[in-house]
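Below you'll find the structure, written out as structure tokens, and then a few comments.
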Amino acid sequence: MSTQIPYATLILRWYDRHQRILPWRAKTGTIPNPYYVLLSEIMLQQTQVATVIPYFNKFIENFPTLNDLAEASLEKVMAMWTGLGYYSRARNLHRCAQEVAKQSGEIPKDYQALKALPGIGDYTAAAILSIGYNQPYVAVDGNVERVTARLFAIQEPLPMIKPTLAALAKTLNEGREAQERAGDFAQALFDIGATICKPKNPSCLICPLSEVCKASLEKIADILPIRQRKAEKPTKYGISLFIENDKNQILLRKRPEKGVLAGTLELPSSIWSEQYISIEQAIKETGCLGQYQEIGEIKHVFTHFTLKVKLFKLVSDLKLTQVAQDNMWIHSDELNHYPCSTLMKKMIAYSTKI
DNA sequence: TGTCCACGTCT
DNA sequence: AAGACGTGGAC
């Protein structure tokens, strides 16, 4: 007969011996500073602890209280955020401080009120309530997701399984101990995720949960959580024609007002399709009759697809058919006066060098 | 040296 | 409601 020690007990026992010392963290037995918690949690969004530490210290030196932050200029706040990335966090943080200062001056103790503040979403609201106010919320971030997926050996892929993982994570603090030590419990989960249950090479041998962790027992911890391989972006193919006259002007035309690179200038080009078409067909499509020589291939990555374009250069006289009526001749130096995509600049620069 | 990617919030 | 945000770390 075996009795199962609750997860929360194992986690808290470990935390009492192995917790990290962090500048925003309250010393054991002391009341946390909710402003420190809020500031650190905003900084920790998408950013690692080691990166955040010097920024947090600098902010606390300059803005010891939330009121100081609210009264500071946005410029100063932005300047101090420099290098930390995701700058909308800094703008939102500043607005958040101002809203709190304007209201009660106290950071809300209520989930909905917190979420209504700029820059605070599900995760951060739960983190502030648990760590800052010792309320039994489970803040589910990527670390907690990973710990949960391993603890229960969840093999379905993210992001599909995200809601299930969040629901499971929220069962971890059941029991009197974790309810009473909500802040410690939340931070304990983060510490385990960061120092033991790492994304790669998890240290199951020294993990307080190893004997109850399904993934560890099945020796599959290192492959969890499984992520959906994001759909490969399709590749499209096109042919573009580089045509220069004796005044060093380049033949360009305007793309349609809708769709990719709407309304920008382009080299006369075939439609981008699933595979390369022949140069003869591209000539017919564009209406730019003549002899061409292939000069290279340009690769360009859009959000939704990768584009490969074969570049051809005109090596004979040009004869335009009616299809080509809208074409215009532009000198490459004048190009800046027209809307022209990076892709086209790339292609023109390449062609000009040849 | 570049390329890929993290996974919280906002729009 | 998919995509943008921006840095640093992994390969």
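Below, chain A is the first sequence line, B the second, and so on; all start at residue 1.
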Counting N and O atoms only, with roles assigned by atom type, does the side chain of A:T30 sit under 3.5 Å from a partner on the main chain of A:K27, one being a donor and the other an acceptor?
yes
Over all strands shown, is A:Q46 touching base, sugar-phosphate only, or nothing at heavy-atom distances under 4.0 angstrom?
base
Could you tell me how far B:dC7 sits from C:dA1 if I compare only their P atoms? Round to whole Å.
23 Å
Hey, is the main chain of A:P202 close enough, under 3.5 Å, to the side chain of A:D222 for a donor-acceptor pair?
no
Per the side-chain hydrogen bond (donor to acceptor under 3.5 Å, both in side chains) rule, what does the pair list look like for residues 119-135 of chain A, sequence neighbours excluded?
A:E41-A:Y123, A:Q45-A:T124, A:Y111-A:D122, A:K115-A:D122
For nucleotides C:dG8 and B:dC10, find the distance between their P atoms and express it as a whole number of Å.
23 Å
For A:N92 and C:dA4, what is the distance between atoms CG and P respectively, to the nearest whole Å?
19 Å
Mind calculating the distance between CZ (A:R91) and P (B:dT9) to the nearest angstrom?
17 Å
For A:Q45 and B:dA6, give me the distance from atom CD to atom P, rounded to whole Å.
18 Å
Taken in chain and number order and not counting sequence neighbours, the residues that satisfy salt bridge (Lys or Arg N to Asp or Glu O under 4.0 Å) with A:R17 are none
Answer with base, sugar-phosphate or nothing: what part of the nucleic acid does A:P199 contact at a heavy-atom distance below 4.0 Å?
nothing
Examine the base of C:dG6 for any acceptor or donor lying under 3.5 Å from a partner atom in the side chain of A:Y86, and report the outcome as yes or no.
yes
If I take atom CZ in residue A:R227 and atom P in nucleotide B:dC4, what distance separates them, rounded to the nearest angstrom?
18 Å
Taking a pair to mean Watson-Crick or G-U wobble geometry with both distances below 3.5 Å, B:dT9 pairs with C:dA4
Send over the distance from A:L44 CG to C:dT7 P, rounded to a whole Å.
17 Å
In whole angstrom, give the distance that lies between atom NZ of A:K200 and atom P of C:dG9.
14 Å
Any base atoms under 4.0 Å from A:T124, or only sugar-phosphate, or nothing? Heavy atoms, all strands.
sugar-phosphate
